[in-house]
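Single-structure report; data block below.
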Amino acid sequence: MAFKILFPDGIIDRSVLWGISGESPCWSDAVAFLTGARLQYGNLGFFKDKRYSHAIVLYREDTKVAVLATWKEGINNIPGEPVMLPGKVTWLPKVTMKDVEALKAVVKKAGAIQRLSKSTHALSAMAHINDILEHPLEESYQAKVIENFKWEDWIDPAKTLAKPTSAATRA
């Protein structure tokens with residue numbers, strides 16, 4: 001959805017993309033893959049504000065346009081993770097936040113039953129992913145242009161490299 005905003009002609013140029021994600025490898029790896037951004041190039045960052053940890057920002061360097069993309073309320077299933085844009089799903093997810101919280105409580109109480117927790121959690125996650133993929137992307141996710149975007153305002157400076165590789169040397 002962010003790519004549709006940043007590249008309305010449908011031709012995505014990864015050489016002009018920067019990205020910000022949460023610290024989880026799931027998110028940062030996905031942003032790096034989609035954009036080509038890397039910590040060592042100085043164009044991949046982690047959110048300063050931890051509330052955004054399950055959102056991403058894609059920034060198009062040549063047009064100076066940044067887009068915040070995130071899930072809609074209703075498919076977010078990580079307790080304590082807020083939804084950072086106002087949209088809500090209009091369909092009923094098969095795996096709800098209450099289901100996830102109940103599963104996590106059972107797993108936490110069981111403690112030593114690691115295999116059960118991992119396999120049950122994986123099945124729940126797969127059911128959730130398949131449920132989302134059965135709907136058009138716009139019904140589950142949302143994106144918005146960030147006005148007056150400044151990279152430094154959004155990234156955690158403690159998680160950057162002191163001397164990133166320049167764009168000229170990475171080519």
Side-chain angles (χ1 to χ4, degrees), residues 1-91 93 95 122 125-126 128-171:
M1 292 179 59
F3 284 148
K4 286 181 184 179
I5 295 169
L6 293 170
F7 299 96
D9 63 359
I11 300 170
I12 298 168
D13 180 359
R14 293 174 69 219
S15 70
V16 297
L17 285 172
W18 295 38
I20 305 173
S21 75
E23 295 176 18
S24 163
C26 299
W27 291 97
S28 58
D29 288 353
V31 170
F33 175 77
L34 291 170
T35 64
R38 301 289 186 268
L39 284 173
Q40 64 268 32
Y41 301 157
N43 61 356
L44 176 64
F46 298 106
F47 285 112
K48 182 185 296 185
D49 185 335
K50 303 306 178 209
R51 294 175 303 154
Y52 287 88
S53 69
H54 284 89
I56 64 171
V57 167
L58 298 183
Y59 172 64
R60 184 170 171 178
E61 182 180 30
D62 61 335
T63 61
K64 308 289 188 231
V65 175
V67 176
L68 172 66
T70 188
W71 51 29
K72 288 184 176 182
E73 185 177 331
I75 65 157
N76 58 310
N77 68 359
I78 299 177
E81 292 284 340
V83 179
M84 300 311 292
L85 289 174
K88 296 180 180 187
V89 295
T90 57
W91 53 277
V95 178
M126 286 306 299
H128 187 58
I129 290 166
N130 289 331
D131 194 19
I132 292 168
L133 293 175
E134 289 175 4
H135 298 86
L137 191 62
E138 295 80 12
E139 290 184 16
S140 301
Y141 294 92
Q142 54 193 324
K144 176 186 171 189
V145 171
I146 302 170
E147 299 296 331
N148 304 310
F149 176 80
K150 291 185 181 105
W151 180 258
E152 299 77 25
D153 292 346
W154 286 79
I155 63 159
D156 183 343
K159 295 190 172 53
T160 60
L161 295 178
K163 295 183 180 186
T165 305
S166 72
T169 59
R170 65 181 152 144

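Just so you know, these numbers come straight off a predicted model, no measurement behind them.
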Side chain proximity check, [X] to [Y], heavy atoms < 4.5 angstrom:
X    : Y   : result
F149 : L68 : no
E23  : K50 : yes
F7   : L58 : no
F47  : V57 : yes
T70  : Y52 : no

Does [atom1] belonging to [X] count more than 12 external heavy atoms closer than 6.0 Å?
X    : atom1 : value
K88  : NZ    : no
N148 : CG    : no
K48  : NZ    : yes

If every non-hydrogen atom of [X] is compared with every non-hydrogen atom of [Y], which pair is closest and at what distance?
X    : Y    : result
A143 : V67  : CB-CG1, 3.8 Å
L44  : S28  : CD2-O, 4.4 Å
K72  : E139 : CD-O, 3.7 Å
G45  : I155 : CA-CG2, 4.0 Å
D156 : A158 : OD1-N, 2.9 Å
H128 : I75  : NE2-O, 2.8 Å

Between atom [atom1] of [X] and atom [atom2] of [Y], what is the distance when rounded to the nearest 0.5 Å?
X    : Y    : atom1 : atom2 : value
L17  : N43  : CG    : CG    : 9.0 Å
R38  : L161 : CZ    : CG    : 13.0 Å
T90  : H135 : OG1   : NE2   : 8.0 Å
D131 : W91  : CG    : CH2   : 4.0 Å
W18  : W151 : CH2   : CH2   : 6.0 Å
L6   : T35  : CG    : OG1   : 11.0 Å

What verdict does the side-chain contact (heavy atoms from CB on, under 4.5 Å) test give for I20 and Y59, after you've listed the backbone C-alpha separation in whole Å, the side-chain angles of each residue and the deciding distance to 0.1 Å? CA-CA 8 Å; I20 305 173; Y59 172 64; over 6 Å; no

Would you say the side-chain atoms of [X] pair up with the backbone N or O of [Y], donor to acceptor, closer than 3.5 Å?
X    : Y   : value
D29  : W27 : no
H54  : G22 : no
R14  : A37 : no
Q142 : W71 : yes

